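We number each residue from 1, following the sequence as shown. Everything quoted here is computed from the prediction, not taken from an experiment.
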Amino acid sequence: MAIETVGIVGAGTMGNGIAQVAAVSGLKVVMIDLAEASLVKGMATLTSSLERLVAKEKIDAATRDAALARIETSTDYQHLANVDLVIEAATESTELKVCILKQIEASVRADAIIASNTSSISITALASTLSDASRFVGMHFFNPVPLMPLVEIIRGLQTSDVTVQEIRELTSRFGKSPICVKNAPGFVVNRILVPMINEAFFVLTEGVATAEEIDAGMRLGANHPIGPLALADLVGLDVCLSVLDVFAKDFGDPKYRACPLLRELVAAGRLGRKSGQGVYRYE
């Protein structure tokens, strides 16, 4: 099956980023969200992102206009009836994702592929809630989606070879570099990355160094483009905490215990860049 129309459920940071990449690649896009205000905000973010690419001469104005013309938005799941693929891009909550996936399955064609942009939740477990688990797969994009080249393609126990191959080909069409991984908590990147971020919070809590010094140490000493605490602010402290809680539950290993400071910041609503304050304060 040639994938030409992509549905995306969730107009937030990840959803509108995926919508942008798909539309620029020449695919028709249907972006769904429960709230019209979320769709308006998502399209505004997407449009601003395209404008920046035009300003930097990464794309031309005609490409920008054509991409925007390919995107349809709606609060009605029935608009997914004719799409070839739907990517769920909701908040990292198993209960929420299961609810959304059931609504997606009830709305799409029987041969449509359904994917989740989860960063830590079991693809096998999510697939088990659907009637045809063979056409379910994980597609883990990275933030910011238009700029980050990697997509982890996660194969659940039930995912078919054909589904994996179709998604691999689509990912390449997006201009991304796919890696295929087995279903496991955190997959590859977050399995390694999030515990490092968590350890940075422990180092900060213990007063070993300031946040600025910790980040400078990892930039200058480990050649990271961004320090772990600044990266946590970019990803979202709530997302980091959610991933760690999944690790702690699924692995049953205390080494994945979230740093109390991270949990405290999330409880205070200091989620990072998206809330204006996390480890650092943003204008």
Side-chain angles (χ1 to χ4, degrees), residues 1 3 6-10 12-19 21-22 25 27 32 80 83-105 108 111-145 148-194 235-236 239-240 242-247 249-251:
M1 178 184 69
I3 296 174
V6 177
I8 296 161
V9 178
T13 300
M14 300 305 292
N16 67 64
I18 298 168
V21 168
S25 301
L27 281 75
I32 303 290
L80 300 174
V83 304
D84 304 311
L85 162 71
V86 181
I87 303 171
E88 168 274 311
T91 303
E92 198 73 351
S93 161
T94 300
E95 293 75 16
L96 176 60
K97 287 183 181 293
V98 167
C99 178
I100 290 173
L101 290 172
K102 287 183 177 295
Q103 292 181 76
I104 291 172
E105 187 176 42
V108 299
D111 64 341
I113 296 173
I114 302 175
S116 176
N117 181 51
T118 180
S119 57
S120 63
I121 299 171
S122 168
I123 295 301
T124 295
L126 291 175
S128 70
T129 67
L130 302 176
S131 60
D132 183 4
S134 70
R135 299 194 68 78
F136 183 74
V137 66
M139 290 184 76
H140 181 207
F141 291 82
F142 291 80
N143 184 33
V145 177
M148 297 295 282
L150 179 67
V151 176
E152 286 181 311
I153 299 174
I154 306 102
R155 181 182 197 135
L157 186 65
Q158 315 94 319
T159 309
S160 71
D161 292 341
V162 172
T163 298
V164 171
Q165 183 57 32
E166 288 176 337
I167 294 302
R168 178 189 278 275
E169 291 173 0
L170 178 69
T171 302
S172 296
R173 182 173 174 182
F174 283 169
K176 304 297 186 185
S177 298
I179 60 171
C180 291
V181 306
K182 293 181 180 179
N183 183 62
F187 319 124
V188 171
V189 175
N190 280 345
R191 172 79 174 272
I192 298 168
L193 178 65
V194 176
V235 170
V239 175
C240 295
S242 176
V243 172
L244 284 164
D245 285 344
V246 168
F247 287 178
K249 175 178 177 291
D250 289 358
F251 286 117

*Taking the side chain as C-beta and beyond, is there a heavy-atom pair between Thr124 and Gln158 under 4.5 Å?*
yes
*asked:* So does Arg168 get a backbone contact from the side chain of Ser172, meaning a donor-acceptor N/O pair under 3.5 Å?
replied: yes
*Is there any salt bridge (charged side-chain N to carboxylate O under 4.0 Å, His left out) pair reaching into residues 154-165, and which pairs are they, with sequence neighbours excluded?*
Arg155-Asp161
*According to the interplanar angle, ranging from 0 to 90°, do the rings of Phe251 and Phe247 count as parallel (below 30°), tilted (30 to 60°) or perpendicular (above 60°)?*
perpendicular
*Which heavy atom in Ser122 sits nearest to a heavy atom in Ala125, and how many Å separate them?*
OG-N, 3.0 Å
*For Ser160, which residues count as a side-chain hydrogen bond (donor to acceptor under 3.5 Å, both in side chains) partner, sequence neighbours excluded?*
Thr163
*Would you name the heavy atoms of Ile123 and Ser116 that are closest together and state the gap between them?*
CD1-CB, 4.5 Å
*Side-chain (Glu152) to main-chain (Val189) donor-acceptor, under 3.5 angstrom*: yes
_Has Thr118 got a side-chain atom pairing as donor or acceptor with Ser120's backbone, closer than 3.5 angstrom?_
yes
*Starting at OG of Ser119, measure out to CE of Met14 and round the result to the nearest 0.5 Å.*
8.0 Å
*Judged by atom type as modelled, is there a donor-acceptor pair below 3.5 Å linking the side chain of Lys182 to the main-chain atoms of Ile154?*
no
*Salt-bridge contact Glu105-Arg135 (side-chain N to carboxylate O under 4.0 Å)*: no
*State whether the side chain of Thr159 and the backbone N or O of Gly156 hold a donor-acceptor pair below 3.5 Å, judged by distance alone.*
yes
*Of all heavy-atom pairs between Met148 and Lys176, which one has the smallest distance, and what is that distance?*
O-NZ, 2.8 Å
*Looking at side-chain heavy atoms only, is the closest gap between Phe142 and Val151 below 4.5 Å?*
no
